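The structure under discussion appears below in the form of structure tokens.
Computed from a predicted model, the values in this text were never measured in an experiment.
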Amino acid sequence: MKVLVTGSSGILGSDICKQLELKGCNYIGFNSQNIKLDDFEDVKAKVIGFNPDILIHCAALTNVDLCEDERGLAYTVNVNGTQNVAMAANLVNAKMIYISSCGVYGNGKATPYIETDPTEPLNYHHFTKLEGEAKVLECCTKGIIIRPGWLFGGNLSHRKNFVEARRREALNVNELNSANDKIGSPTFTSDLAKQILHLARQDAYGVFNAVNEGCASRFDYVTEIIRNLNIKVKVNPVSSNNFQRKANMPDNECLENFNLSRSGLNIMRDWKDALKDYIDSQYRI
């Protein structure tokens, strides 16, 4: 199995590459330094040159607030870039796995979303991720959409490492404030990488939620992080209005792995168990 990964230096992409290496797979990783997603000829040359069986597209502009200010850039990377990757994947008859977002559902319900629920993005980042989904399904005959949860993982130097950011914050204050009115599905990138590769081996296509089991508020999530780190800092539940953002964020980003479970392919565990294992692996060795 030959696998090409975009966004290979990110928290999810790096864990996917790690799993591929552990399994002895032939893979290649690309990041923003060595592939131009907005240049179809460059993308096509890289994809045809490696000729993968599976292409996992993790690369994206993920800064939600920046996407509000830089809409042209967000569209270029998240939509046009995804279209270029999908067309190139189709040229070599590769299965393409696209990493979308839990935020595409918007604010339609208070319980966990399943894949058949309507999508109605509330901000531009989530709009571009949903448009990216459409490009994959339109341009690639072997398209798989993954809608992940609130990702944690990676190494301690990753800029997007949520756990390490909370640890550093907690070391400099007596109290932390965290929103108790925003809920989602914390998801370990290593677990998600294993789930993605498990799905990649199956004859399954379409849209799949892929999150660690269970839901949590941001307050629950941060409290569990601080507890596992054994840092003596009080975490206060507060309204999300205390945190000013340019992007309008959904109140509920909890997902249920309905299609994975229905297909007998769900291997995701409880988020608290995953979080404990991640913290133990990073801070206890």
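The closest side-chain donor-acceptor pair between Ser217 and Asp220 falls under 3.5 angstrom. When only modelled atom types and interatomic distance are considered, Asp38 and Asn80 share no side-chain donor-acceptor pair under 3.5 Å. Judged purely by distance below 3.5 Å, without hydrogens or angles, the side chains of Tyr27 and Gln19 never pair a donor atom with an acceptor atom. Between Thr82 and His57, the side chains place a donor N or O and an acceptor N or O closer than 3.5 Å (distance only, hydrogens not considered).
Listed by chain and number, the residues in a side chain to side chain donor-acceptor pair (under 3.5 Å) with Asn161 are Tyr278 (sequence neighbours excluded). Residues forming a side chain to side chain donor-acceptor pair (under 3.5 Å) with Ser32 (at least two apart in sequence, or on another chain): none.
In the hydrophobic clustering of ILVMFWY residues, with side-chain heavy atoms under 4.5 Å counting as a link, Ile99 and Val3 come out together. Residues Ile114 and Met268 are members of separate hydrophobic clusters, defined by side-chain heavy-atom contacts under 4.5 angstrom among Ile, Leu, Val, Met, Phe, Trp and Tyr. Val163 and Leu192 are not part of a single hydrophobic cluster, where members link through side-chain heavy atoms under 4.5 Å apart.
No cation-pi contact links Arg71 to Tyr75, judged by a cut-off of 6.0 Å to the six-membered ring centre and 45° from its axis. For Arg227 and Tyr221, the positive end is not near the middle of the six-membered ring at less than 6.0 Å and at most 45° from its axis.
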Would you mind writing out the side-chain donor-acceptor pairs for residues 146-153 within the sub-3.5 Å range, not counting sequence neighbours?
{"from": "Arg147", "atom 1": "NE", "to": "Glu133", "atom 2": "OE2", "distance (Å)": "2.9"}
{"from": "Arg147", "atom 1": "NH1", "to": "Tyr105", "atom 2": "OH", "distance (Å)": "2.8"}
{"from": "Arg147", "atom 1": "NH2", "to": "Glu133", "atom 2": "OE1", "distance (Å)": "2.7"}
{"from": "Trp150", "atom 1": "NE1", "to": "Glu253", "atom 2": "OE1", "distance (Å)": "2.9"}

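Residue Glu169 places its CD atom among more than 12 non-hydrogen atoms of other residues, nucleotides or ligands, all under 6.0 Å distant. Heavy-atom neighbours of Glu175 CD from other residues, nucleotides or ligands within 6.0 Å: above the threshold of 12.
The pair Lys272-Asp277 does not meet the salt-bridge criterion, since no charged nitrogen lies less than 4.0 angstrom from a carboxylate oxygen. Salt-bridge formation is not detected for the pair Lys2/Asp53: no Lys NZ or Arg NE/NH1/NH2 atom is positioned less than 4.0 Å from an Asp or Glu carboxylate oxygen. Between Asp69 and Lys246 a salt bridge is recorded (basic side-chain N to carboxylate O distance below 4.0 Å). Ion pairing of Lys18 with Asp15 is present here, as a side-chain N (NZ or NE/NH1/NH2) and a carboxylate O approach within less than 4.0 Å.
Side chain of His158 to main chain of Glu164: no donor-acceptor pair is present (N/O by atom type, distance under 3.5 Å, no hydrogens or angles). Not one N or O on the side chain of Asn248 forms a donor-acceptor pair closer than 3.5 Å with the backbone of Asn123.
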